[in-house]
There are 2 protein chains.
Amino acid sequence: MRERLVVIGGDAAGMSAASQARRMRGPDELEIVAFERGHFTSYSACGIPYWVGGDVEDRDELIARTPEEHRARHIDVRLRTEVTEIDVERGRVRARDLESGAESWTSYDKLVIATGARPVRPDLPGIDAAGVHGVQTLDDGQALLDTLTRTEGRRAVVVGAGYIGVEMAEALINRGYEVTVVNRGREPMATLDPDMGRLVREAMTGLGITMVDDAEVTALPTGADGRVRAVATADAEYPADVVVLGIGVRPETTLARAAGLPLGDHGGLLTDRSMRVRGQENVWAGGDCVEVLDLVSGQLRHIPLGTHANKQGQIIGTNAGGGYATFPGVVGTAVSKVCDLEIARTGLREKDAHRVGLRFETVTIESTSRAGYYPDAAPMTVKMLAELGTGRLLGVQIVGREGAGKRVDIAAVALTAGMTVYQVAALDLGYAPPFSPVWDPVQVAARKAAAKLGAR
Amino acid sequence: MRERLVVIGGDAAGMSAASQARRMRGPDELEIVAFERGHFTSYSACGIPYWVGGDVEDRDELIARTPEEHRARHIDVRLRTEVTEIDVERGRVRARDLESGAESWTSYDKLVIATGARPVRPDLPGIDAAGVHGVQTLDDGQALLDTLTRTEGRRAVVVGAGYIGVEMAEALINRGYEVTVVNRGREPMATLDPDMGRLVREAMTGLGITMVDDAEVTALPTGADGRVRAVATADAEYPADVVVLGIGVRPETTLARAAGLPLGDHGGLLTDRSMRVRGQENVWAGGDCVEVLDLVSGQLRHIPLGTHANKQGQIIGTNAGGGYATFPGVVGTAVSKVCDLEIARTGLREKDAHRVGLRFETVTIESTSRAGYYPDAAPMTVKMLAELGTGRLLGVQIVGREGAGKRVDIAAVALTAGMTVYQVAALDLGYAPPFSPVWDPVQVAARKAAAKLGAR
């Protein structure tokens, strides 16, 4: 009997699941229907800042696979069609055609929920004014680009200094804007400890970006034309011809909640390691709408990143297609850049470790991307957390220039394997003068942490 | 009672051991004497190609710590002093002052053997002619530079296409030479499988380097002035104004052998994981003169690399200083570059896996250093070996451009942890469009290997 797999959400997780399920089972065995309320499928939302900034010329370059390409693989993609209800009892979803307004039910044998995340949009005066933009979707990116093209002024304010905020700061710098970043926290990049965030702030200031920290936005004042003209905080007003919101996102789980599916403390769907929704036989969920296990802390987190969405989608597709695969969890790796500044992190920050009740030691070292004597050896700062008593690696943060960011992968793999800093210091990593000092910077940190923890 | 630690060999392993021992114990507790037959201590032999090529201007930049700096830390460095005998029964070494020829015995409580490696120098007609150079030591590098400065001709032949050979090819290209690389093997970089070596050959040819493979050098013909004028093989003669030998090295264990210390199949000293020479209480050895455990194959290998020498020296210094540390072994990671070509490997090649009797699958994939749509995304080829049945990662080889080489670290850590390709595919690695495709190239390979091995 031919089964039907229904996918809600046509981006990374949903379409990876659909594609992988199709690899596992042909159209004679499995019908696949994917509902997407937007105009696009399988695009790189992470690429939007580079499209806005001009590094990527054409929007279509961000699209990994078009609806037509999916349809050619017998995946029935229905664009501009929003699922409005999930009925898990009867195994069906109700969807509305956003053009015609018509609604209808579609039954499923297997369901994939990949509804993504929705941007945090604080209830501020002016939040909906012209010139205020989010950057979650390709449609958002296009709207921002249209504003940038139409607007003569060259003052941009970015609200939020997380990775979207800093990436958008770079994009706007690249387009010739005077950029101000208004940030609620003490330092930018709250995914880092404040001492490392300070390095980011200093570097961003050095790039000509005005950094406003400890500042809560109170309003987005508009001009007589109704367009945004500034970002106001309790203390000051920052003139703005365009405002970009990079405040973060929350899991989009309205449908799942209404359907009675289990949600965690962060509002994301709860799944097992096969990405099956807890308590369900034939419902999977992945991407920005789920919570994932943090392998270092043992706690659930919400980490909206395309790389996880793709992997989880692939796992779902394998399982929904009758195979067996698991998504073991994450260690919290992230990397971003602002012009030539590279920022990376993995594992626990100090406050995470405190929250879990771990006792730890921290070290911070300076090193270089290449042997010190080699041309273009770029400085980097590495901070490392290690557990007292066991020596277990708990986290690494890196701020530096070219060659700094991806070094975090060494720590990411080591964290996944539960290695100690002694083991990290002894790792056989790639060394040659153009690539690394004789001790890789991550190992310089590990060695210092080992010395601080005492000999084994 | 004040003990005396004697170190034979004043480069990476020996002086790392001395420095670490000094950190552990002050001069009142431990006297440290280091014998070095050359003129320098603690220099980066790996940096010589970049000095010769002009990327590093001054020889002294390659010196991490001078004899004076060591002496300031109460390490009694005796330059131009060659140890000629080790007497383990009586705990003493005999050393000759190479200037005066005087010999004397020095007793030790603890001994570190760090005698390094000696270059393979085949017994060929002309091998000792003027214009024929090795590049093992700073003195070698200086001699080569003197020749390059004095010689008008611009034809260089490099004998050997391992990492020293390819790095010297770059150095000579950078100095404006026409470079020919004469290589005994079927493809350059015998540390890679031939299919990956072929990519290196093609890329080097594209850089304007003449690659001669499958060629055994039979003589180095000289001119009337006694200088080398060509490199001759059975089939041809390659005109040369300068010849650089990059044929490889063997452990320098003449002293150790004479002293009855245990040597392995590769001629290197055998140690335990604390780097203590097997069967000895108070003798350690590290660096290019020892054999190391390959954690993937479980066999002993000789891997002369500065990064291991430094680490082993540090382990020895900790242990000789009364602490406790171990060097667990290596996975065979190496990275090198020729102009903008990056070459990396870790773990087992096909022939290594066959030799150990492992059954495996291989995959080779093409990917890019950054998201495909991001500017300067550079192509790379990743080959992966995985064990049949278990899915255990066995080895990775990478040939690509900027951003390719250090990705091997992901595999190096995963190999150390004994991960499967399923685990590698699920790793939480740093992703953002400027840094990586959404699946890191190493994970693209792992995912393909997993698919080939079948679902778990």
Side-chain angles (χ1 to χ4, degrees), chain A residues 12 44 46-47 50 55-56 61-62 163 305-308 310-311 314 318 323-328 330-337 344 346 371 373-375 405-410 412-414 416-417 419 422-423 425-436 438-440 447 455-456, chain B residues 12 44 46-47 50 55-56 61-62 163 167 305-308 310-311 314 318 323-325 327-328 330-337 344 346 371 373-375 405-410 412-414 416-417 419 422-423 425-436 438-440 447 455-456:
Chain A
S44 170
C46 338
Y50 309 101
D55 281 327
V56 176
E61 292 179 56
L62 299 185
Y163 70 94
L305 276 180
T307 188
H308 301 324
N310 272 277
K311 285 173 189 142
Q314 207 234 346
T318 298
Y324 172 63
T326 58
F327 184 83
V330 303
V331 292
T333 312
V335 59
S336 42
K337 83 179 195 56
T346 189
Y373 54 78
Y374 193 86
K406 274 293 262 181
R407 273 191 159 79
V408 78
D409 285 348
I410 298 164
V413 187
T416 307
M419 286 186 181
Y422 308 105
Q423 291 175 302
L427 283 170
D428 180 5
L429 302 177
Y431 162 65
F435 295 95
S436 177
V438 71
W439 291 82
D440 190 277
R447 185 179 159 186
R456 266 170 307 180
Chain B
S44 170
C46 338
Y50 310 100
D55 281 326
V56 176
E61 293 179 57
L62 299 185
Y163 70 93
E167 287 169 1
L305 276 180
T307 186
H308 300 325
N310 271 277
K311 284 172 190 145
Q314 207 233 348
T318 298
Y324 171 65
F327 184 82
V330 303
V331 292
T333 312
V335 59
S336 42
K337 83 178 194 57
T346 188
Y373 55 78
Y374 193 86
K406 274 293 262 180
R407 272 190 159 82
V408 79
D409 285 349
I410 298 163
V413 187
T416 306
M419 286 185 181
Y422 308 104
Q423 290 174 303
L427 284 169
D428 181 6
L429 303 178
Y431 162 65
F435 296 94
S436 176
V438 70
W439 291 83
D440 190 277
R447 186 179 157 185
R456 267 170 304 181

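So that the names make sense, note that chain A is the first sequence line, chain B the second, and so on, each numbered from 1.
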- Task: Answer whether the closest heavy-atom distance between the side chains of A/Ser436 and B/Lys406 falls below 4.5 Å.
- Result: yes
- Message: Before you tell me yes or no, could you show the steps for B/Met419 and A/Thr416 under side-chain contact (heavy atoms from CB on, under 4.5 Å), namely the whole-Å CA-CA distance, both residues' side-chain angles and the distance that decides it to 0.1 Å?
- Response: CA-CA 10 Å; B/Met419 286 185 181; A/Thr416 307; 4.0 Å; yes
- Nearest atoms (heavy-atom pairs only) where A/Val413 meets B/Ala414: CG1-N, 3.8 Å
- Note on the structure: If you tally heavy-atom pairs under 4.5 Å between each of A/Asp409, A/Ile410, A/Leu305 and chain B, the highest tally belongs to A/Asp409
- Nearest heavy-atom approach of A/Lys311 to B/Leu427 is NZ-O, 3.0 Å
- Given a strict heavy-atom distance threshold of 4.5 Å, which part of B/Ala425 is in contact with chain A: side chain, backbone, both, or neither? backbone
- Task: Go through the steps to decide whether B/His308 and A/Tyr431 satisfy the test side-chain contact (heavy atoms from CB on, under 4.5 Å), and finish with yes or no.
- Result: CA-CA 10 Å; B/His308 300 325; A/Tyr431 162 65; over 6 Å; no
- Query: Shortest non-hydrogen contact from A/Tyr373 to B/Ser44?
  - Reply: OH-OG, 2.6 Å
- Side chain from CB out, backbone as N, CA, C, O: work out which of these in B/Ala344 comes under 4.5 Å of a heavy atom of chain A, or both, or neither. neither
- So which heavy atom on B/Thr333 is nearest to which on A/Gly430, and how close? CG2-N, 3.4 Å
- Here the pair of heavy atoms bringing A/Gly332 nearest to B/Asp428 is N-OD2, 2.8 Å
- Which heavy atom of B/Pro433 sits nearest a heavy atom of A/Cys46, and at what distance? CG-O, 3.4 Å
